[in-house]
2 protein chains.
Amino acid sequence: MRKQVLIFGLVGGVLITLLQWTEFHFIVLEHSVAIYGVLIAILFAGAGIWLGTRLLAPRGRVGEVAVPGPSKADSIPDDRARERLGITPRELEVLQLVARGLSNREIGETLFVSESTVKTHCSRAFDKLGARRRTEAVRRGKELGLIG
Amino acid sequence: MRKQVLIFGLVGGVLITLLQWTEFHFIVLEHSVAIYGVLIAILFAGAGIWLGTRLLAPRGRVGEVAVPGPSKADSIPDDRARERLGITPRELEVLQLVARGLSNREIGETLFVSESTVKTHCSRAFDKLGARRRTEAVRRGKELGLIG
DNA sequence: GACAAAATCATACGAAAGAATGACGCGCGA
DNA sequence: TCGCGCGTCATTCTTTCGTATGATTTTGTC
């Protein structure tokens with residue numbers, strides 16, 4: 001199933017155990033249970049945000065994540081040009097972020113993938129575009145109507 | 001600011017208070033503090049997911065109206081913007097070649113200067129544009145009407 | 001379930017790019 | 001004539017890019 005859910009569960013269990021341990025041994029001896037609650041609340045709020053973003057942000061059709069950019073009317077011509085060049089949706093997504101001036105690292109953070117993955121997508125996209133640099137790829141992409 | 005954050009905070013406070021209340025009056029009388037923790041964990045995990053999605057949904061950096069206006073019939077459309085930013089003519093020249101996807105070496109060959117010189121111009125231009133990468137500089141340049 | 005296409009990630013290595021610094025000459029205005 | 005902006009160039013160093021290679025995991029389809 002979703003790997004994230006498992007991680008969430010595991011980490012959650014560990015955290016609770018850990019908190020209970022500290023609770024029973026140190027904190028509660030002098031402070032109220034409220035501290036315990038607040039700690040858990042903060043931790044799980046953060047964990048929830050992480051889970052939420054990871055679960056619902058990426059993974060979608062083409063320009064769904066953070067790249068609405070041009071009007072939606074462009075999503076169709078985009079797709080034709082894209083398929084004609086054999087560029088995958090993900091590759092195009094990365095390419096659009098490249099065109100926005102993001103570094104590979106930033107793109108990875110935006111799409112919740114590793115920098116390695118971004119590099120792979122970039123390389124393949126560049127190859128399919130006949131570009132050897134990212135600036136060149138951006139230019140070709142705009143010429144071909146791939147990018148707004 | 002983010003309305004969601006406020007709501008999150010308020011709901012969180014209410015929940016904690018409420019949980020504390022119930023804790024002290026009913027549950028803890030018969031069960032361990034663990035139940036308290038698990039409840040808070042679940043609630044805030046859910047809240048976190050909600051916050052996370054809500055926070056990331058409008059993450060499209062909208063306001064990207066594609067074409068920047070200043071490209072009138074003015075024979076010198078970029079000169080005003082250029083001077084306003086303190087960018088020298090030579091720097092702009094280099095920047096335009098950068099936008100064409102040329103490498104520093106190629107730019108040097110095109111302008112009959114060394115690669116070092118190109119790098120210097122680039123660095124200064126990037127600085128004046130508030131860009132940290134050439135792709136970002138190109139983007140900013142287009143937004144500001146510096147490059148066609 | 002098997003299969004193919006996509007997507008993910010890692011590691012290593014060479015090539016660019018970029019920052020920082022210092023230097024030199026030229027033209028121009030005070 | 002001096003100062004200053006601009007253009008030029010080099011060197012050193014760090015960071016980022018890009019390629020190559022191989023592997024695993026999703027995911028949609030038959």
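Below, chain A is the first sequence line, B the second, and so on; all start at residue 1. As a basis for the values below, the full set of heavy atoms in this structure was taken, side chains included, without hydrogen atoms, waters or symmetry mates.
Residue-level contact check: S123(A) touches the bases, meaning some heavy atom is under 4.0 Å from a base atom. Among the protein residues, T88(B) comes within range of the sugar-phosphate backbone only, with heavy atoms under 4.0 Å from sugar or phosphate atoms but none that close to a base. Residue contacts shown for S103(B) are limited to sugar-phosphate atoms, with no base heavy atom under 4.0 Å away.
Expressed to the nearest 0.5 Å, how far OG1 of T117(A) lies from CD1 of I107(A) amounts to 12.0 Å.
Proximity of R134(A) to the phosphate of dG18(D): a side-chain N or O atom is located under 4.0 Å from OP1 or OP2. Checking the phosphate oxygens (OP1, OP2) of dA6(C), no side-chain nitrogen or oxygen of R90(A) falls inside 4.0 Å. Between T120(B) and the phosphate of dT8(D), there is no side-chain N or O to OP1/OP2 separation shorter than 4.0 Å. The side chain of S114(B) contributes an N or O atom lying less than 4.0 Å from OP1 or OP2 of dA10(D). Taking only side-chain nitrogens and oxygens, T117(B) never comes nearer than 4.0 Å to OP1 or OP2 of dG7(D). Contact annotation: H121(A) does not reach the phosphate of dA7(C) (side-chain N/O to OP1 or OP2, under 4.0 Å).
Distance, R124(A) CZ to dT8(C) P: 11 Å, rounded to whole Å. For the pair L95(A) CG and dA7(C) P, the interatomic distance rounds to 13 Å; values are reported in whole Å. Taking atom NZ of residue K128(B) and atom C1' of nucleotide dG18(C), one finds them 16 Å apart after rounding to whole Å. For I107(A) and dT16(D), the CD1 to C1' distance is 12 Å, given to the nearest whole Å. Rounding to whole angstrom units, CG of residue L92(B) and C1' of dC6(D) are separated by 15 Å. Remark: P of dT19(D) and CD of E115(A) are 14 Å apart, rounded to the nearest angstrom. Protein atom CG of L129(B) is 12 Å distant from nucleotide atom P of dA19(C), rounded to whole Å. Here the P atom of nucleotide dT19(D) and the CG atom of D127(A) are 8 Å apart, to the nearest Å.
Looking at which nucleotide of DNA chain D each of N104(A) and F112(B) is closest to, the 5′-most match is held by F112(B). Both G86(B) and T135(B) sit near DNA chain D, but only G86(B) has its closest nucleotide nearer the 5' end. Comparing K119(B) and K119(A) by the nucleotide of DNA chain C whose heavy atom lies nearest to each, the residue mapping closer to the 5' end is K119(A).
You'll find the side chain of H121(A) stays beyond 4.5 Å of the side chain of V113(A), heavy atoms only.
Between E143(B) and R139(B) there is a salt bridge, since at least one side-chain N of the basic residue sits less than 4.0 Å from a carboxylate O of the acidic one.
Although no hydrogens or angles enter the test, the distance criterion places no donor-acceptor pair under 3.5 Å between the side chain of E106(A) and the main chain of L102(A). Put simply, the side chain of K128(A) never gets that close to the backbone of L85(A): no donor and acceptor are under 3.5 Å apart.
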